[in-house]
Amino acid sequence: MQSILDEIEKLKKERKAVILAHNYQPPEIQDIADFSADSLELARHSMTIDAKVIVLCGVRFMAEMAYILNPDKLVLLPDETAGCPLADSITPQDVRHLRDQYPDAIFLAYVNTSAAVKAECDICYTSANILEVISKLPKDRKLVVLPDRNLARWAREKTQREIISWQGECPVHQAINKEGIIKAKANFPHSAVMVHPECKEEVVGISDFVGGTGGMLRFAKTTDYQIYIVGTEKDMCHKLKREIPQKLFIPANEEAICEDMKKTNLSKVLWSLQTLSHQVILDDDIRQKAKRAIDKMFYL
Ligand code: 13P
Ligand code: SF4
């Protein structure tokens, strides 16, 4: 184990590389990362680093975001097959078809979409900023919020805007049930329940806090509870424990595991640095169009 860590460290220096990891990465990857965060912070942080190579430990759309924002850097995804079923639930053709149906609407693309889908949309958003983004959009326009139907429903409730949704959903968050939360709450009656907005309505309805993974971390840091039931991917609890070791974090469902996030391991990170693969490269036209939607989000 130590030798692989030493080897990664040595190659990182030789290659002028940084390792960025999402909060759902396996604990050993979060522990070696130079920076670990939610998808919005990963994208923002990627623009501030002085490095030639970014090893993005996460899934493809996150690596694409890093590449869109840093085309002059080499962006590596250690496992080429690490995707996201939610992102795959919608294609650029689907968006074009929806555009025909709702020609006057503003199209919002979740960060969990391919670059090609972002390129067809007007503005990007993440679970960290969806409400803020919507609050800045003209009140008289319909909104098409793609592709997660739970996130769109939650945004509709919170903003009271006319929102058209897609039928996408995340299998990991679908696996979190009301029963599991009620059971955990019975074991820890003084705990707070935090859930991701990709969760089902019945789960969101019995929670104390709804937000993305960065929001959960802030909520746990700034509230007085000692125990939190965490309704999102299980390894978010590792991130929370690392940052707030004095508190207790209980996954709402131990089986809520994102298989794509777990495709990354130390051997693949080492291999990625040794061979400088798998490089994420996009067609420049798509990159520029997707960047327009992302820049608009940052601007707002
Ligand atoms: P965050 O943006 O909250 O980190 O979540 C990303 C994700 O993939 C949720 O399933
Ligand atoms: Fe995609 Fe769900 Fe995994 Fe997030 S947790 S990357 S939405 S499959």
- Query: Under 30°, 30 to 60°, or over 60°: which ring-plane class applies to Tyr125 and Tyr110, parallel, tilted or perpendicular?
  - Reply: parallel
- Task: Without swapping roles, check the side chain of Lys12 against the backbone of Ala17 for a donor-acceptor pair under 3.5 Å.
- Result: no
- Query: For atom CG of Asp224, is the number of surrounding heavy atoms from other residues, nucleotides or ligands below 6.0 Å larger than 12?
  - Reply: no
- Message: Between Asp31 and Arg242, is the salt bridge (charged side-chain N to carboxylate O under 4.0 Å, His left out) condition met? List the steps.
- Response: CA-CA 9 Å; Asp31 293 349; Arg242 262 172 63 106; 2.8 Å; yes
- Query: Within the side chain of Lys118, is there an N or O that forms a donor-acceptor pair under 3.5 Å with the backbone of Lys291?
  - Reply: no
- Query: Do Leu77 and Ile32 share a hydrophobic cluster (ILVMFWY, side-chain heavy atoms under 4.5 Å, transitive)?
  - Reply: no
- When Thr213 is tested against each of Asp38, Leu40, Val230, Thr126 for side-chain contact (heavy atoms from CB on, under 4.5 Å), which residue passes? Asp38
- Is the Trp271-His278 ring centre distance short of 6.0 angstrom? yes
- Message: Treating Ser272 as the side-chain partner and Ser277 as the backbone partner, does any N or O pair qualify as donor plus acceptor under 3.5 Å?
- Response: yes
- same_hphob_cluster(Ile106, Met297) at 4.5 Å side-chain heavy-atom cutoff: yes
- Message: Under a 3.5 Å distance rule, please check whether Asp34 uses its side chain to pair with a backbone N or O of Val18 as donor and acceptor.
- Response: no
- Message: Under the criterion side chain to side chain contact (heavy atoms under 4.5 Å, CB included), I'd like the reasoning laid out for Val195 against Ile176: C-alpha separation, chi angles, the key distance, then a yes or no.
- Response: CA-CA 9 Å; Val195 306; Ile176 297 169; 5.7 Å; no
- Task: Could you point out which residue of Lys289, Arg292, Arg99, Arg96 forms a salt bridge (charged side-chain N to carboxylate O under 4.0 Å, His left out) with Glu120?
- Result: Arg96
- Note on the structure: In His196, His173, Gln174, the residue satisfying side-chain contact (heavy atoms from CB on, under 4.5 Å) with Asn150 is Gln174
- Query: Judged by atom type as modelled, is there a donor-acceptor pair below 3.5 Å linking the side chain of Glu233 to the main-chain atoms of Cys258?
  - Reply: yes
- Message: Has Asn177 got a side-chain atom pairing as donor or acceptor with Glu179's backbone, closer than 3.5 angstrom?
- Response: no
- Judged by atom type as modelled, is there a donor-acceptor pair below 3.5 Å linking the side chain of Asn70 to the main-chain atoms of Asp72? no
- Output yes when a side-chain donor or acceptor of Glu254 lies under 3.5 Å from a complementary backbone atom of Pro251, and no otherwise. no
- Message: With clusters defined by side-chain heavy atoms of hydrophobic residues (ILVMFWY) lying less than 4.5 Å apart, directly or transitively, does Ile294 cluster with Leu143?
- Response: yes
- Query: Just by distance, do the side chain of Asp208 and the backbone of Ala192 share a donor-acceptor pair under 3.5 Å?
  - Reply: no
- Does Lys142 offer a backbone N or O that forms a donor-acceptor pair with the side chain of Glu162 under 3.5 Å? no
